[in-house]
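Atom set for the values below is all heavy atoms of this structure, side chains included, hydrogens, waters and symmetry mates excluded. Here is the naming used below: chain letters follow the sequence lines, and residue numbers restart at 1 for every chain. In this text the structure is predicted, and so the values were computed from the model without any measurement.
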Amino acid sequence: MSVENAPVVDVDEAAIPVEKKMYYRFESNDKKEFRVSELAIQQSETLNRLVEAMGYTSEDVENKPAIAIENIDGKTLKLVFQWCEHHKGEAIPVDDGSVPKIVEIPEFDAKLMDIDNGLLFKLIWAADYLNIVQLLNVSCKKVANMAQGKTPAQLRRVYLLPSDEEDEAAKRAAQEAQDPRAREVEEEFEERKRQGGNSFF
Amino acid sequence: MNTIPLHQLPDKAYIHTLRSMQNYDQLVYSLCSKNTKEAIKSLNLEKGAINIYVDNSIELEICCEESFALIFYIDYDDSFPNNQIIAREDIKVVVDPYGESIRWESNFQNFGLKEYLHHFCEVLRRPKICVLLFSGENLDESFIEPIQKSIEGFQIEVLSISDDLTPEFAQKALESFSNYEDLYFDVIPCESHKVYEMDKYLIQNLMLVSFPDRGETKIDQVLVSNSEEISLRVPNFSEKDLNRFLKLWVRGSNPRLKYFYTVRQRPFGRDSLDMNLVLKGIKSNQIPLDSEEVHRRTKLAGGYRIWSFNGTTAVIMPRPQGQFELIVE
C-alpha cells in the first residue's frame, strides 16, 4: 500500500478551529491513501455524511483503517481532495437540481482541470458520486465549453454522439436484455420469414 | 481531436453540461440526433422565439432569452419540386455571441425551412412564429406560396409588410396568411381610391393593427377596427374627426379597444391638438398635473378622463406635435 501521508494541499491552520482540526484517511480503489481535513470533507455531501455517521475520534482516525472509496482511483481522488482542500470553508451551493445560470471557472479550478479528457470524465463521475456540487458545476461547465461555436457534425465528433441508428440499436438491445422472451419471439419471427411463411401466427 | 463521451456521463452531469452550454450551442446540439433533440427539449429553454424575415433570401432567426442565437440563411430555389424551400446547399449560419459566420456541412440534405421550423418550434416548445416580415423592393410575389406552405399550421404573432413592397404584394400576402395576432403594414394593400378595401383586414379581432396613412384614411376605418391596439402613422385626422371617434367610443363602438395611438399627427398649424375641440360635448375630467396615476406604464397626469356608456373609463393624453393617445383603463 502506498501512503500519501501529507495533506493534499497545505492546510491553513489558523483558519481552522482547534476542535475541527482533524484529518480523515481515505483509500482509493488502487490503494492510494489520502489525509483530508474535516473542513475540506464538508464540500462532499456523501463523505461528510459518512464521517458523521462513523463518529470517529482523533484516535480512531489514526488507529482504524482508512475509509475505502471503492470506485474512484488514486489519480482522480487526488484531484478531488485537492479541490476540496482549496475550497474548504466556502459556502456549498444547495443541491436542488438546478444549474447556476452563469458558472465562472476560477483560476485554480481551471489549472486543476487542465488534464486529459479521460481524467476529466472520471473527475465528473467522482464529483457526482461524492456529491460535490460546486466541483460538478465547474467540471460540467468545462465540458459545455467544448461545444462553443461547433457545427452539429463537429459536436458529434467532440462528444462521441451516437447516431439515430446507433441509439435505436442500443435501445433494442436494452429492451431485449430486459425481456429475453421478446428476443426469442423476434428470432422465431425471423426464422419463419426465412422459411417463407407469410404470417407469424 | 479532444473528445469526451457526453452520453456516458451520469444523468445529473449530462443535464448539468447541457444547461451550462451557451444558447447557440444548445440549439446546435439539438440538431445532432433525435436523442439530443429530446434532451434539449427537456431543458425547457426560456423565452425562445422564432422569426422569419423574407427578403431576397429567407432568414430564419432563432432567439433565446431575448438575444438571437442562430440565424439560418436559406436560399429559395424555385426549381425544387412542390415549391418547397429546401436548403440543398450548405447553410450559412450566424453564430452569436461569437460574432462569426460558419457554413455547415451539407449533411442536412432535404432539411429546409419547414423542417428547421418544426424542429425549433418543438425544441423551444413554442408553436408560434413571432415575426413574419416581408421586405425588399425586389421581392417577388412567387415567394409567398412556398413560405405559406412551409409555415402552414403555425400561428403568427406579428405579420409585417414593409413599405418597399407593392400594394399587390401586400394584398396577396394578407390574403395568404390569415393566422396572425398583430398586423403591421407599411404599404396600403389596395389602390388609393379603394381604401375601403382595407376594412376587411381592420375588422379582424386582432391584438394590434398598425397601418400607414396615405392621405385617404378616414376616421371610419378606425371605427371599424376590432383590434385591441390601433396605431396609425401620419394620419390627417382633424380635431372634429377625433371628437366624432370619441363620441362613438362613449356610445360603445370599438368595445375591444385598449389603446389607440396616432404617430406624427399633422398639427394643423398648431403645436398640439385643441382639446376643447377634441372633447366638445363629451363629459371629461382633467387629471391633476401632480397626479402619480400610471396605466400601461404611462403617467396619466394632465390627461383627460372620459367615460363610456357602460362605465369604462379612458384617458386621452395630449401629446406634442399633435399626437393623440387614448388609453382605456
Side-chain angles (χ1 to χ4, degrees), chain A residues 71 93 95-105 113 115-168 170-171, chain B residues 1-40 43-46 65 69-70 72 90-108 111 116 119:
Chain A
N71 44 5
D95 186 15
D96 57 359
S98 66
V99 179
K101 202 73 199 155
I102 297 166
V103 177
E104 296 282 347
I105 303 180
M113 293 190 294
I115 47 180
D116 67 73
N117 283 351
L119 191 52
L120 179 64
F121 183 78
K122 287 181 183 175
L123 182 67
I124 294 173
W125 268 98
D128 181 63
Y129 174 70
L130 298 175
N131 211 351
I132 307 172
V133 179
Q134 190 55 18
L135 178 57
L136 194 66
N137 285 343
V138 291
S139 53
C140 288
K141 180 64 181 173
K142 178 163 168 115
V143 177
N145 287 346
M146 291 178 192
Q148 279 193 357
K150 301 273 191 310
T151 67
Q154 289 167 333
L155 282 186
R156 284 194 199 101
R157 288 197 290 274
V158 169
Y159 289 139
L160 304 172
L161 299 176
S163 64
D164 284 341
E165 293 73 28
E166 287 166 334
D167 279 332
E168 279 298 316
K171 195 176 164 188
Chain B
M1 182 183 263
N2 215 3
T3 63
I4 192 162
L6 186 58
H7 278 216
Q8 290 171 27
L9 287 176
D11 289 348
K12 188 173 164 187
Y14 176 57
I15 295 298
H16 250 64
T17 304
L18 296 185
R19 283 206 181 279
S20 301
M21 285 180 183
Q22 300 278 0
N23 289 145
Y24 161 82
D25 299 319
Q26 289 170 330
L27 295 177
V28 176
Y29 185 80
S30 76
L31 287 163
C32 291
S33 71
K34 286 178 187 167
N35 273 356
T36 62
K37 177 183 170 183
E38 288 306 313
I40 297 298
L43 299 181
N44 289 322
L45 298 179
E46 287 174 10
E65 295 175 4
L70 275 184
F72 294 84
D90 293 352
I91 301 154
K92 187 182 174 192
V93 181
V94 170
V95 182
D96 184 58
Y98 316 109
E100 55 189 60
S101 295
I102 56 168
R103 203 169 270 276
W104 280 357
E105 294 165 30
S106 55
N107 50 2
F108 286 98
F111 211 77
Y116 279 116
H119 176 89

Next item on the list: State, yes or no, whether a side-chain contact exists between H7(B) and L161(A) at a heavy-atom distance under 4.5 Å.
Entry: yes
Note to self: Quick check for you: to the nearest 0.5 Å, what is the distance between N131(A) atom CG and K12(B) atom NZ?
What the structure shows: 4.5 Å
Checklist line | Side chain / backbone / both / neither for T36(B) at chain A, heavy atoms under 4.5 Å | finding: side chain
Check: Roughly how far, to the nearest 0.5 Å, is CE of M146(A) from CE of M21(B)?
Finding: 10.0 Å
Checklist line | Engaged part of Q8(B) at the chain A interface, taking heavy atoms whose separation is under 4.5 Å | finding: both
Margin query: Quick check for you: among N145(A), L120(A), L136(A), which has the greatest number of heavy-atom pairs under 4.5 Å with chain B?
Written below: L136(A)
Next item on the list: Kindly compute the distance separating NZ (K141(A)) from CZ (R19(B)), expressed to the nearest 0.5 Å.
Entry: 13.5 Å
Margin query: The test is side chain to side chain contact (heavy atoms under 4.5 Å, CB included); show your working for D167(A) and S33(B) and say whether it passes.
Written below: CA-CA 9 Å; D167(A) 279 332; S33(B) 71; 3.9 Å; yes
Note to self: Given 3.5 Å as the limit, does a donor-acceptor pair link the side chain of R156(A) with the main chain of C32(B), or not?
What the structure shows: yes
Notebook entry, point to check: Once you round to the nearest 0.5 Å, how far does CG of D128(A) lie from CG of L9(B)?
Noted result: 9.0 Å
Notebook entry, point to check: Can you tell me if Y24(B) uses its side chain to pair, donor with acceptor, with the backbone of K150(A) under 3.5 Å?
Noted result: yes
Item checked: Gap separating the CD1 atom of I4(B) from the OH atom of Y159(A), nearest 0.5 angstrom -> 8.5 Å
Check: When rounded to the nearest 0.5 angstrom, what is the spacing between CG in N35(B) and CG in D164(A)?
Finding: 7.0 Å
